[in-house]
Structures are given as structure tokens and as C-alpha cells.
Amino acid sequence: MNEGRQGFARSEGAPQKAAVRPCDCTTRVTLRLLATSDLHAHVLPWDYHANRPSPSSGLARTASLIRRARAEMPGALLLDNGDFLNGSPMAEVQTRPGGANPVVAAMNALGYDAATLGNHEFSHGLEALAQALAQCRFPVVSSNMLTAKGAHPGEDSHIVSARLLLRRELPDAEGALHPVTIGILGFAPPQVIQWDRAALDARMEVRDILEAAAHHVALLRAEGADVVIALSHSGIGGSESEPMMENATAALARLPGIDALVAGHTHQAFPSASYPPSPGIDPLSGMIHGKPVVMPGFFGSHLGVIDLGLCHDGAWKVERSTAHLRAIACRSDDGRLHALTRSDPEILSLAEPAHRATLDWAQETVGRTAMPIHSFFAMVAPAAPVRLVARAQADYVRRQLAGGPHADLPVVSVAAPFHSGGRGGPENFTHVHAGQLTRRHVFDLYPHPNAIAALRGRGAHLADWLERSFSQFHRIAP
């Protein structure tokens, strides 16, 4: 996913009333889960596209919420749901060989307990991913991303650990400590091997999320997990299972043996009053098919908090649960964004050298434009940023086809208005003034280094593509 900058509702709700499953237990503890997702290498509160501070992004701001939430509840687990390594100009600078990865350094400093891989972890290829993971002082899990696929999940070879067991000693009301074993699974959209095929060079395979989950949940329970958490770098999606679902979190929540889920990938906020309800999905309480779920926005915009009330009657079980988000920014009545947290000094200090290097890199001149380039009306009229990207792509493909059997085929270039309001909010527009063009302008026009793919098609394919494009616009019944 290549969404632009984020927007916020005016406020995010406090925890709703807990979902309760009464029992006769006498021993009770609370396990707190803290979650981030889709950080996309946004460590500092800075908008590198617009070259200005950002009140609504940056793990440095989220870090203040993390420290506060930990202080409230002993033994909390801090988890990341993927897409943490790539997606900002800072990540592009740091993919050069050598040196500490600033995202990993910040996560190490905050003491993350585990993370999973999102689709964008693979954007720069497996060597770059291996270099970054070698610096992680926390375990990374992925249950469906494989180096080799077996006849069944038990024969798969995984790129990182397929499942994890973490242990905590949690206090009861009298302060006595009780051991609890937590199983962690992680999932990424299976489509990643298509999206990043060029970078992966056919060296990776994938298994369906639900198929992998069913296998590894059973193994975690057999290995002693009292609680199982799914890190689902996948949108909420539909509740009915379908093969190779990209957005499988709701279907995953129906799987027996999973107690709580962290969702992501689609850059939305859940629970949230703005999320549409549907059968089995309660966007106010954060419950999906009776399981607590958080999707904590993107770029560090929110911290997801799940509290699981556990009781023991021969084995631990979830008696009650709550799910909510804590935002780092909000909008006032006039629509302006205001920060709700201060940046954590330790994270600011750690990331400062990388930040300075990124600013220098982003200011390098790459060309000039004789006219302003803006996307203010890109959703309703032809727009310069979309046209520029489309022409650049077409020119590149024509040069690749020159002298070959397809040189005479017409080239139709598909481009999207990346920064055009919408989910990214009213700040989410491109505006490049006439004059010098720098690297940051390039990233503003096209915010992620995707691979170009040229597809040979027919007129019917073109008609289908146009129909799909028109579905962006809501049809209003007379």
C-alpha cells in the first residue's frame, strides 16, 4: 500500500466496556498488549515531502505514549505489526551499506518484544532485509512468508521464525506474580511475491494466511501457549475465508485458538467511530467476532492498546478484554492538527544523525520545472503530478521495448494521484513551486520506489481497467 500522509478524527475513543466471559476463577491477572503498525520508517515528527515538522507522525511521539502505557500496567508487551523498515526518504538513505538502521535503533531502544514482517519489508530485496534484521534486538516472526513451500505447512521453510513463545510474570490484585506464556504469530499479504517480484528474484514463496494460522495456532497451544496473539499485517476485510486473501483479519478472528489480533496494511484506525460496522465487527468496542482487535493507523499516528483479563482455573483463559487507540495528534474544530504528545528525547537523539543525512540527501537538485505542480484537483480533473508520472513510466517502457518484438505496440501508462486528500487528510496534497526540483519533490510525486511492470493486454483489458478506475467515484442515486 502506498497511502499518503495521515488524517485524524477529532478524537479517538477511550476504552469501551470490557467484553466479559464470567467464570469462577480466583486467580486473575491482566496482560497488556501495545502495538504499532505501518511506521514506514517515520522515526521523527518530520514531513520530508513538505520539508516541515509534523504533529501527526513519528515513532518519537508514539514513544511517549508507549512509556506512559507501560507505566500503567506492569509486564506489557510491545509489538510491531510490520512495514516498519521502508516507506520514507530516511529509509532510502539508510539502505546504503553500513551504519545503524535508525528505525531498528529506535525500536531497540524502546524494547520491542516482537515484530512481524509487512509487505514493504521486502521492497529493497532480501539482502537489505537481512542487514536490517541482523540489527534487531527483538525477535521477528512471519508464519506465511517462506524460502521454500512444502506439501503442507509443516514442511515449509520460513524466512524468519514461524512462531514465538514469550513469557511474562504478571501480578494479581495482591501483587503475587504468575507465569503466563504468550504465543505470537505473524502474517503478511500473500500478494507480496507478486508486488515485489523484481526485488525478490523468485527466491521467496508464500502460504495462505488462514492455512498457515490454523497450523501454527495448534502448534503454539501444544507448545504451551496460554494466550495466542496474531500480528496480522492485513486489512480487516470480509469475515468469510477466501483463498489467498490480502485483507484477512476478520476471517482470521474467527479462527479458534487466537485470543487477540493486531491489524494493519490498509492504514486505517480501529477501533474508531468512523469505521463502518458490519456483522461480527463492532468498531466502537474494537471486537471482531468476539476477539479484541486494534489497527493503529500509520507513521506512528496511534498506539494500539489491548488489555486481556486472564483468569486461571487449571489453565489461563481470557475472561475479559478491551481494545482502544491512543492518538499522538488531534484536529481542533477549525480542522488544524495539534500534537497531543511530546517527542521522546532518547529517540530524538538516536535519530538525529540519520535525520540530518536525510535532509541533505532530500535537498539535492535533480532538475527544474517551468510550472507549478500540484494535486489539489487531481480527483476531478487532469493533474500535472499524475501526468508527469505517467509520462515518465511510458517513456521508460518505450525505451525498454525499443528494437524488440513489441516496439510498435502502443503504451498506455497507469498512474495514481498519491497525495490527493482522502484518507491522508487535508494536508495530503502535492504542491511543488516552479523552479528547482529536488529529491524530496520526487518522493512527493511518487512516495515509494515501486518496480515498473509492463503488461501486454488487449482493448478489453483497457476497458476493464477504466471501469475499475471509475469505481473510485461514488455514484449517487437520483
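- Not counting sequence neighbours, R137 has no partner by the salt bridge (charged side-chain N to carboxylate O under 4.0 Å, His left out) test.
- In terms of heavy-atom proximity, V140 sits nearest to L133 at CG2-CD2, 3.9 Å.
- Counting only distance, with no hydrogens or angles, the side chain of E121 and the backbone of L85 share a donor-acceptor pair below 3.5 Å.
- With values rounded to the nearest 0.5 angstrom, L77 atom CG is found 4.5 Å from R168 atom CZ.
- Side-chain atoms of D344 and S64 include no donor-acceptor pair closer than 3.5 Å.
- Within the 4.5 Å cutoff, no side-chain heavy atoms of V262 are placed close to those of L33.
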Evaluation steps, side-chain contact (heavy atoms from CB on, under 4.5 Å), between D113 and F138: CA-CA 6 Å; D113 292 287; F138 49 89; over 6 Å; no
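- Residues passing the salt bridge (charged side-chain N to carboxylate O under 4.0 Å, His left out) test with R254 are E240, sequence neighbours excluded.
- Closest heavy-atom contact between L337 and A329: CD2-CB, 4.2 Å.
- The two residues A115 and F84 come nearest to each other via the heavy atoms CB-CE2, 4.2 Å.
- Counting heavy atoms of neighbouring residues, nucleotides and ligands inside a 6.0 Å radius, atom CZ of F376 exceeds 12 of them.
- For F270 and H302, the ring centers are positioned 6.0 Å apart or more.
- Using a 4.5 Å heavy-atom threshold, the side chains of T147 and L126 count as separate.
- Using a 4.5 Å heavy-atom cutoff, the side chains of V305 and R326 are in contact.
- The two residues L340 and A327 make their nearest non-hydrogen contact at CD1-O, 3.6 Å.
- At a threshold of 4.5 Å between non-hydrogen side-chain atoms, the residues I159 and F122 count as touching.
- In this structure, the side chain of S88 does not engage the main chain of H42 through any donor-acceptor pair within 3.5 Å.
- For the pair K291 (side chain) and L252 (backbone), a donor-acceptor distance under 3.5 Å is absent.
- Between the side chains of H120 and N86, no donor-acceptor pair is found at a separation under 3.5 Å.
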Candidate pair D307 and L31, rule side-chain contact (heavy atoms from CB on, under 4.5 Å), full reasoning: CA-CA 6 Å; D307 287 333; L31 172 63; over 6 Å; no
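- Remark: side-chain polar atoms of N247 are not paired, donor with acceptor, to backbone N or O of G237 under 3.5 angstrom.
- The line from CD1 of I373 to CG of L445 is 5.5 Å long, rounded to the nearest 0.5 Å.
- Taken to the nearest 0.5 Å, the CD1 atom of I229 stands 13.5 Å off from the OG1 atom of T116.
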Steps toward side-chain hydrogen bond (donor to acceptor under 3.5 Å, both in side chains) verdict (T430, D444): CA-CA 6 Å; T430 292; D444 200 3; 3.1 Å; yes
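- Across all their heavy atoms, L110 and R70 have their closest contact at O-NH1, 2.6 Å.
- Residues that satisfy the side chain to side chain contact (heavy atoms under 4.5 Å, CB included) test with S54, not counting sequence neighbours, are D47, S56, S57.
- A salt bridge links R67 to E346: at least one charged side-chain nitrogen sits closer than 4.0 Å to a carboxylate oxygen.
- In this structure, OG1 in T62 is found 6.0 Å from CD1 in I66, a value given to the nearest 0.5 Å.
- Residues A323 and P292 come closest through the heavy atom pair CB-CB, 4.1 Å.
- When atom types are taken as modelled, the side chain of H233 and the backbone of G264 share no donor-acceptor pair closer than 3.5 angstrom.
- In this structure, the side chain to side chain contact (heavy atoms under 4.5 Å, CB included) partners of T249, at least two apart in sequence or on a different chain, are S232, S234, L261, A263, V293.
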Derivation of the side-chain contact (heavy atoms from CB on, under 4.5 Å) call for M90 and W46: CA-CA 10 Å; M90 180 181 284; W46 189 266; over 6 Å; no
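- Using modelled atom types and a 3.5 Å distance limit, the side chains of D83 and H265 yield no donor-acceptor pair.
- At a threshold of 4.0 Å, the pair E72-R32 counts as salt-bridged, since one of the basic side-chain nitrogens sits closer than that to a carboxylate oxygen.
- When side chains are defined from C-beta on, I328 does not count as touching F299, because their heavy atoms never get closer than 4.5 Å.
- With a 4.5 Å cut-off on side-chain heavy atoms, P447 and H49 count as touching.
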Could you pull out every donor-acceptor pair under 3.5 Å between side chains of residues 211-220 and any protein atom, sequence neighbours left out?
residue : atom : partner : partner atom : Å
E211    : OE1  : R207    : NH1          : 3.2
E211    : OE2  : R207    : NH1          : 2.9
H216    : ND1  : R163    : NH1          : 3.1

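- Taken to the nearest 0.5 Å, the CG atom of L44 stands 10.0 Å off from the CZ atom of R61.
- Every residue two or more places apart in sequence or in another chain that forms a side chain to side chain contact (heavy atoms under 4.5 Å, CB included) with H441 is listed here: V432, L437, T438.
- Ring centroids of Y48 and W361 are separated by 6.0 Å or more, keeping the two rings apart.
- H433 pairs by the ring pair (Phe, Tyr, Trp, His ring centres under 6.0 Å) definition with H431, not counting sequence neighbours.
- A donor-acceptor pair shorter than 3.5 Å cannot be found between the side chains of S375 and H419.
- Checked for salt-bridge contact, D259 and R221 meet the test: a charged N lies under 4.0 Å from a carboxylate O.
- In this structure, CG in L310 is found 10.0 Å from OG in S321, a value given to the nearest 0.5 Å.
- The salt bridge (charged side-chain N to carboxylate O under 4.0 Å, His left out) check on E242 picks up nothing, with sequence neighbours excluded.
- Side-chain contact between P271 and V294: present, with at least one pair of heavy atoms (C-beta onward) separated by less than 4.5 Å.
- You'll find the side chain of H355 reaches within 4.5 Å of the side chain of L359, heavy atoms only.
- Pairs of residues two or more places apart, or lying in two chains, never qualify as salt bridge (Lys or Arg N to Asp or Glu O under 4.0 Å) while including a residue from residues 268-286.
- Not counting sequence neighbours, R440 has no partner by the salt bridge (charged side-chain N to carboxylate O under 4.0 Å, His left out) test.
- Remark: the backbone N or O of Q363 is not paired with any side-chain donor or acceptor of N51 at under 3.5 angstrom.
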Which donor-acceptor pairs under 3.5 Å do side chains of residues 174-194 form with protein atoms, sequence neighbours excluded?
residue : atom : partner : partner atom : Å
H178    : NE2  : D172    : OD2          : 2.8
Q191    : NE2  : M244    : O            : 3.0

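- Taking Q268 as the reference, T266, Y275, M295, R423 meet the side chain to side chain contact (heavy atoms under 4.5 Å, CB included) condition, with sequence neighbours excluded.
- Judged by distance alone, with hydrogens and angles left aside, the side-chain atoms of D156 form no donor-acceptor pair with the main-chain N or O of H158 at under 3.5 Å.
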